[in-house]
Amino acid sequence: MAVVERRPEPFEADEMMTVAAARQLRDGTVCFVGIGLPSTAANLARITHAPGIVLIYESGIIGARPATLPLSIGDGVLVEGADAVVSVPEVFNYWLQPGRIDVGFLTGAQVDRFGNLNTTVIGGDYRHPLVRLPGAGGAPEIAALCRQVVVLVRQTPRVFVNRVDFVTSVGYGSAAGDRGRLGLSGGGPKVVITDIGSLAPDPDTAELTLVSLHPGSTVEQARAATGWPLQVSPDLRVEEPPSDRELAVLRRLTATIGGVRTHGGE
Amino acid sequence: MAVVERRPEPFEADEMMTVAAARQLRDGTVCFVGIGLPSTAANLARITHAPGIVLIYESGIIGARPATLPLSIGDGVLVEGADAVVSVPEVFNYWLQPGRIDVGFLTGAQVDRFGNLNTTVIGGDYRHPLVRLPGAGGAPEIAALCRQVVVLVRQTPRVFVNRVDFVTSVGYGSAAGDRGRLGLSGGGPKVVITDIGSLAPDPDTAELTLVSLHPGSTVEQARAATGWPLQVSPDLRVEEPPSDRELAVLRRLTATIGGVRTHGGE
Amino acid sequence: MAEIVSVDEAIAALVADGDTVALEGFTHLIPFAAGHEIIRQGRRDLTLVRMTPDLIYDQMIGMGCARRLIFSWGGNPGVGSLHRFRDAVENGWPVPLEIEEHSHAGMANRYVAGATGLPFAVLRGYVGTDLPAHTDTIRWVTCPFTGEVLAAVAALRPDVTVVHAQRADRRGNVQMWGILGVQKEAVLAAKRSLVTVEEVVDTLERRPGDVILPGFSVTCVAEVPGGAHPSYALGYSLRDNDFYRRWDSISRDRDSFLGWMREAVLESDGRRRTTS
Amino acid sequence: MAEIVSVDEAIAALVADGDTVALEGFTHLIPFAAGHEIIRQGRRDLTLVRMTPDLIYDQMIGMGCARRLIFSWGGNPGVGSLHRFRDAVENGWPVPLEIEEHSHAGMANRYVAGATGLPFAVLRGYVGTDLPAHTDTIRWVTCPFTGEVLAAVAALRPDVTVVHAQRADRRGNVQMWGILGVQKEAVLAAKRSLVTVEEVVDTLERRPGDVILPGFSVTCVAEVPGGAHPSYALGYSLRDNDFYRRWDSISRDRDSFLGWMREAVLESDGRRRTTS
């Protein structure tokens, strides 16, 4: 039989970002999922390489297996086929707080050099901000208490700042060892995945350092998109492009976000 | 038509005691029920004059309507027809603690002059008691937090003591005003119903005082069964004997306690 | 036993100007119809409490009902900003809006404290963040056994809590299922409560995952079919995700917002659902 | 994911001499078979934890498994005393038994603290009683908002919790319904856990009022039909009230107790239920 050579399917930067995030999740991982890219990535992992992954949504869904992707964290599609649905106090107090979650996904309007996240206010002061963001949601405790945190965020100099305007969620504070000093039980951001590549804390300084590039991205691009002098890991690697299967599942998933237009019981 | 005069049905002292307790419960009362006489009395009230009474058992049953009387607080018969079944932490934290219960029933191996109850130890010291009783169960918080407490206990000098050996549940402490000083939100024992009559706290001193006698009982009998100089209310009344209907329902109920002998899944 | 009334009677009886009012529902079962009735009845100076303000609070804030907002995440889920909320915080329009801001874990525990009759709740939270510096209802407490310092949050005790549920029976026992959010705690924490329901039935047939609020713990029940739209009631309706997306453009501009509110809420009698 | 094993393997693997062990079940779903296996395997110096010691702890105490008991109500419900518990406390037979005594509200909250990863829980309790003078795990904490003083109880973190449930699936997800007690909290508070179940099934069909313990939160599951007898599993068996009544005379006398234990437990292989 002749081997037919195919050109790899072209892909968007956001798709690479989502696939890279999905690859962080091993089978059996207990994963606290936010809405948007994290939800897409976690479900991509569940459908491809990690069928035994346990997805927990802060709306109280444990062991979610949504048939289509939810638009919000509380779409009815999350309830069907889930192992359990619990109250919001229970999901935070019984499941997140005691450290039962392996990986928590987070994002932010600002991410700083030490992986701290801001989703509260930008500019001005707290009472009179230039931009009022949605606020904390579940993020501060996810950042504090999950064994590992994966941050998913697009990389621009406005987002990747030297110091966040407001610490909504703690990464590594202002130096290595700060998490221990604060008594935070979780491990902090293991990796920050962007549309350019991935950053990880330097083992000595806890400063976010470029550890991988997506296919086609460059170190210069990453540096230009970062608001501090970005260090590059000596082991810088290039992420594998999305496989055909990853891309196919991802595109099928994203096409279903929020389902079709429906009337609310009228 | 000729009116047929009937002799009143004879009854036991325990039956009078249970009927008197049932009469304390108005329709619509939210009632925290312990096992034994309280459960019998509360269900008697539900079936006779108080169909809208809400019975709560500490095993987590809210709005119980058992077809037969349970032997234990956790018999399956309590689950059938109940409005809701909640966890034990929920029944204490969400329902008892915030003061949602109108009436709580209690009993004790000792009851003292100020309505304090002992279900812990008698004689010796705490670590080496003469008699080890079952302990507190739900009683301390029922005594503290229900709007009113009704105590059901047979009256003997060993039970009705001047001062309990161990305060498991607080009545009125050692004087009027003690509940307020302790910050207890519930009203304390409104009435102590015995096989001889009823005692209620004196409005000025909070000392338990004889306020009613069951038919056929005497003040002398009550005094002889009480371990402190028992005061008698100037308004001492005699309890109405059980009606035929009360007796009939009560006897039907008590005949069913614990159901018939059943094999546990063998 | 809860009284069964109409939603306009219930709002008139239970919600007064200046009250602290919680409308809860975590994406699911959001009591939109009751919120619209509060807008129609012109309530002012409310302290609005809600974990996720969502569109209903964007509307109430934009219509000037609120003086203060207590919350933990104020966005249009999966879509973007709440423009009326932002306009109030950033520009004081139509009236200035004070905020009291928490995390979800903090807000959930504040309701739990309220529901359980405690003045505060303890959690592992807020450490190292900038929130405690701005929010006085976050403090610290020391464990009397281990000496560890933990976060404490003040109990929430709303004057009124309003939620939507699938069903109630004629004694006012309320049944809800699907995503449960913090509704049970929010009702039990409040001094008074209103539950709007899809339908009042003779008997509540129990369902897996349902929660019952006994009638003696609820003040009023009102039958409002579709009363959660554009949110939803599992088993009765689907979330109107398209309306959530459209709200972004309706609400971005003050005039377009006011025009929509006039037509869809103020000039509606609240019995027909005209919000989409 | 929970591992599915036999009850004797599970006890051998999870319970060691000197461990703090909680067997929970509030009248309903008491894990008798697992308790008997602990007796058969001859465990010693256990700290036994349980809100309502019941017959199973009377048996374990009488057989000398326990050094210490943490509890809130030790009786034979509706019948009378636990004679072996009393004999241990009053006379030190067969070995002295230390006790750590709480109210139900206190014990329930100690499990909640353990399950939620907090070192203590706060409640309105114990005020004015003689319990705090004898129990060091009851202390006091001051509300940082109101200054009010409330009771604090230390978290319970058993080495092992054992409960019985109706069903589990092959991934170790556990399903229970009926009276729920404090089992979920007791399992989540423990470092290791064993759930014995009436049956292991392919798919858990959900039921009204059921609770699911996800497989990732449970260490071991063992299929033991009838494993709660003489307690019961709603939907599978009825409480053997007659045996509870008979226990009063079996257990009143040391020799009659030992004779019964030998025949019904020690010489049983633990696979057939021979306790009645």
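Just so you know, these numbers come straight off a predicted model, no measurement behind them. Proteins get letters first, then strands, A, B, ... in listed order; numbering begins at 1 in each.
The two atoms that bring A:Val85 and C:Gly178 nearest to each other are CG1-O, 3.4 Å, heavy atoms only. In terms of heavy atoms, C:Tyr232 sits closest to A:Gly74 at OH-O, 2.5 Å. Between C:Ala108 and A:Val88, the shortest heavy-atom distance links the atoms CB-CG1, 4.2 Å.
At a heavy-atom cut-off of under 4.5 Å, chain C is reached by A:Gln97, A:Thr120 from residues 96-125 of chain A, listed in order of number. Listed in order of number, the residues of residues 126-137 of chain A that approach chain C to under 4.5 Å between heavy atoms are A:Tyr126, A:Arg127, A:Pro129, A:Leu130, A:Val131, A:Arg132, A:Leu133, A:Pro134, A:Gly135, A:Ala136, A:Gly137.
The candidate from C:Arg86, C:Arg124, C:Glu98, C:His134 with the greatest count of non-hydrogen atom pairs under 4.5 Å with chain A is C:His134. Interface remark: of the candidates C:Gly78, C:Ala105, C:Pro77, C:Ala105 forms the most heavy-atom pairs closer than 4.5 Å to chain A. Chain A forms the most heavy-atom pairs under 4.5 Å with one residue out of C:Gly92, C:Gly125, C:Ser103, C:Ala133, and that residue is C:Ser103. When each of C:His28, C:Glu185, C:Met51 is checked for heavy-atom pairs under 4.5 Å with chain A, C:Glu185 comes out on top. Counting heavy-atom pairs closer than 4.5 Å to chain A, the top residue among C:Asn76, C:Thr27, C:Leu82 is C:Thr27.
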Do A:Ser87 and C:Lys184 pass the side-chain contact (heavy atoms from CB on, under 4.5 Å) test, and can you show the C-alpha distance, the side-chain angles, and the key distance before you say yes or no? CA-CA 9 Å; A:Ser87 73; C:Lys184 181 170 179 171; over 6 Å; no
Could you walk me through whether C:Thr129 and A:Val170 satisfy the side-chain contact (heavy atoms from CB on, under 4.5 Å) test, starting with their C-alpha distance in whole Å, then the side-chain angles of each, then the deciding distance to 0.1 Å, before giving a yes or no? CA-CA 6 Å; C:Thr129 77; A:Val170 179; 4.1 Å; yes
Worked verdict on C:Trp73 versus A:Glu58 for side-chain contact (heavy atoms from CB on, under 4.5 Å): CA-CA 12 Å; C:Trp73 193 83; A:Glu58 67 187 10; over 6 Å; no
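When heavy atoms are compared at a cutoff of 4.5 Å, A:Leu184 approaches chain C solely by way of its side chain, counted from C-beta outward. With a 4.5 Å cut-off on non-hydrogen atoms, C:Leu234 touches chain A through its side chain but not through its backbone. Residue contact with chain A, scored on non-hydrogen atoms closer than 4.5 Å, is absent for C:Tyr111. Heavy atoms closer than 4.5 Å to chain A are found in both the backbone and the side chain of C:Val127.
Here the CG atom belonging to A:Asp75 is positioned 7.5 Å from the CD1 atom belonging to C:Ile179, to the nearest 0.5 angstrom. Atom-to-atom distance recorded for C:Glu101:CD and A:Thr168:OG1 is 7.5 Å, nearest 0.5 angstrom. Rounded to the nearest 0.5 Å, atoms OG (A:Ser72) and CG (C:Asp54) are 8.5 Å apart.
Sparse packing is recorded around CD of A:Glu80, with 12 or fewer heavy atoms of other residues, nucleotides or ligands lying under 6.0 Å away.
For the pair A:Glu90 and C:Leu180, the minimum side-chain heavy-atom distance is 4.5 Å or more.
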